[in-house]
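So the structure is just underneath, and the comments pick up after that.
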Amino acid sequence: MKKILVTGASGVIGTSIIKNLLKRNSDYYIQALANHDEESFSTLDKNKFTFINGDCRDYSLVDSLVSNSNAVIHLAAPSSFLMYKEKPIESTIDTIQIFLNIMESMRKHKVKKIIHASTSAVYEGNKFPYKETMFISPPELKSLSKKMNEDIGKIYSSSSGITAVAMRPMSVYGDDESKKGGYANVISLFVWAMVSGKIPIVWGNGNQTRDFIHAEDAAEMFCLALEKDVYTQSFNVGTGIETSFNEIIDIINSLRKTNIKPKYVPVPIDIYARRLLSDNTLVEKVLGFKPKITIQEGIKRVIKEFESKHIKDKKLADKQEFFKTLLPQEKHSQSKTD
Ligand SMILES: NC(=O)c1ccc[n+]([C@@H]2O[C@H](COP(=O)([O-])OP(=O)(O)OC[C@H]3O[C@@H](n4cnc5c(N)ncnc54)[C@H](O)[C@@H]3O)[C@@H](O)[C@H]2O)c1
């Protein structure tokens, strides 16, 4: 039996990774660690899966779990760059400290492989599409702390023989991102607004693009990196296709047979990406990855999930206040890149 520790397991990417791992190999035993519970975990096979509600900043907790693992998939971190703007010291220190906790425990217990979430924001300033071979010099704290983790990974790789694979997600969205609230992907924010009969707020003119990838496709890439015989390196997590915010709104309108026009507002932050696009040559070649979920299919799933969970059933009543804080989304949404 191969024991995998997954940190940040209850998040958008983490929940898809757990499902993927359990489906792909009956020999896996998963220890899922996160500081937020996830309802759907209660139905998983207890012989194959355990959930630990805890904080990765706690070295002794991390150490005890790593000591009982054969490999680690690490996702736990503040997930939006806005969190680093709002709490710069805490977010930056947490990201690096958590990673050091894991790497140091791995060294101590001779655990030899980690797949960890970096970010595509590390590429900022480079030409499109982004390639893993590009020189990176991150301009803000989220991407800087992720780059530091990539560098820390390289140090442990050469000093302790740990394979540390850094995954650089583009713009990941999932069927249900309600736990993320205002930090959810812009696809969710637009769907939530438009299905609720509200006007979506778009920063700029809506022609900015992102390489949107569904969490299930992103999870597949993490699992391929875990299973393939790769060395310490970085991989993009994207589709190689860019879609503009205006196109997202058009797709939602056409799927729902509506004609809602967005409200365009000036971009309220200083560093803002106009494009985001992955070059998928390396991941196709080394990981054999090809995305399965089209943007139309992904958006259809987000709409379906929102309608079934929050519109048709009584949960909507409880969520009214929550969604009022989300809409309009002048404050949050449409993060710099992810
Ligand atoms: N979603 C994206 O578009 C995107 C883009 C680039 C990078 N990433 C990175 O991928 C990773 C996962 O992203 P996501 O979208 O699934 O985020 P998410 O916010 O949905 O999930 C984050 C998870 O980490 C856990 N967590 C956070 N701090 C913790 C702590 N101190 N101790 C224990 N658990 C903690 C949360 O409980 C949650 O389970 C993050 O590291 C994020 O920076 C995501």
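Start at 1 and go down the list; that is how both ligands and their atoms are numbered. No hydrogens, no waters, no symmetry mates; every other heavy atom, side chains included, goes into these values.
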Please state whether [X] comes within less than 4.0 angstrom of ligand 1, counting heavy atoms only.
X      : result
Lys146 : yes
Met170 : yes
Ser118 : yes
Asp94  : no

[X] neighbourhood, listing ligand 1 atoms whose heavy-atom distance to it stays under 4.0 Å:
X      : value
His36  : 37 (O)
Gly54  : 32 (N), 33 (C)
Lys142 : 6 (C), 7 (C), 43 (O)
Val172 : 1 (N), 2 (C), 3 (O)
Ala117 : 9 (C), 10 (O), 11 (C), 41 (O)
Ile98  : 31 (N)
Gly8   : 23 (C), 24 (O), 25 (C), 39 (O)
Ser10  : 37 (O), 38 (C), 39 (O)

Taking distance alone, with no angle check, do [X] and ligand 1 share an N/O pair under 3.5 Å?
X      : result
Gly11  : yes
Ser79  : yes
Leu33  : no
Thr119 : no
Lys180 : yes
Leu75  : yes
Ala34  : no

Counting distance only, does the side-chain N/O of Asp63 pair as donor-acceptor with the main-chain N or O of Ser105 below 3.5 Å?
-> no

If only atom types and distance count, is the side chain of Lys113 paired as donor or acceptor with the main-chain N or O of Ala164 below 3.5 Å?
-> no

In terms of heavy-atom contacts, does NZ of Lys85 have more than 12 from other residues, nucleotides or ligands at under 6.0 Å?
-> yes

Tell me whether the guanidinium CZ or amine NZ of Arg107 lies under 6.0 angstrom from the six-membered ring centre of Tyr156 and within 45° of its axis.
-> no

Could you state whether Val12 and Ile213 fall into the same hydrophobic cluster, counting links through intermediate Ile, Leu, Val, Met, Phe, Trp or Tyr residues with side-chain heavy atoms under 4.5 angstrom apart?
-> no

Is it possible for you to say whether Val72 and Tyr59 belong to one hydrophobic cluster, with membership spreading through side-chain heavy-atom contacts below 4.5 Å?
-> no

Can you tell me how the ring of [X] sits relative to the ring of [Y], calling it parallel under 30°, perpendicular over 60° and tilted otherwise?
X      : Y      : result
Trp203 : Tyr272 : tilted
Phe41  : Phe51  : tilted
Phe99  : His116 : tilted

Please work out which of [options] has its closest non-hydrogen atom nearest to [atom].
atom                    : options                      : result
atom 44 (C) of ligand 1 : Thr15, Ile13, Val62          : Ile13
atom 30 (C) of ligand 1 : Val122, Leu61, Val237, Asn35 : Asn35
atom 22 (C) of ligand 1 : Ala32, Ala77, Ala219         : Ala77

Hey, mind stepping through Asn246 and Tyr264 against side-chain hydrogen bond (donor to acceptor under 3.5 Å, both in side chains) and telling me if it holds?
-> CA-CA 10 Å; Asn246 285 331; Tyr264 296 100; 2.7 Å; yes

How would you list all residue pairs meeting salt bridge (charged side-chain N to carboxylate O under 4.0 Å, His left out) that involve residues 40-51, not counting sequence neighbours?
-> none

Pairs where residues 129-138 contributes a residue and the test salt bridge (charged side-chain N to carboxylate O under 4.0 Å, His left out) is met, not counting sequence neighbours | Lys131-Asp279

Can you tell me how far CZ of Phe289 sits from CG of Leu282, rounded to the nearest 0.5 angstrom?
-> 13.0 Å

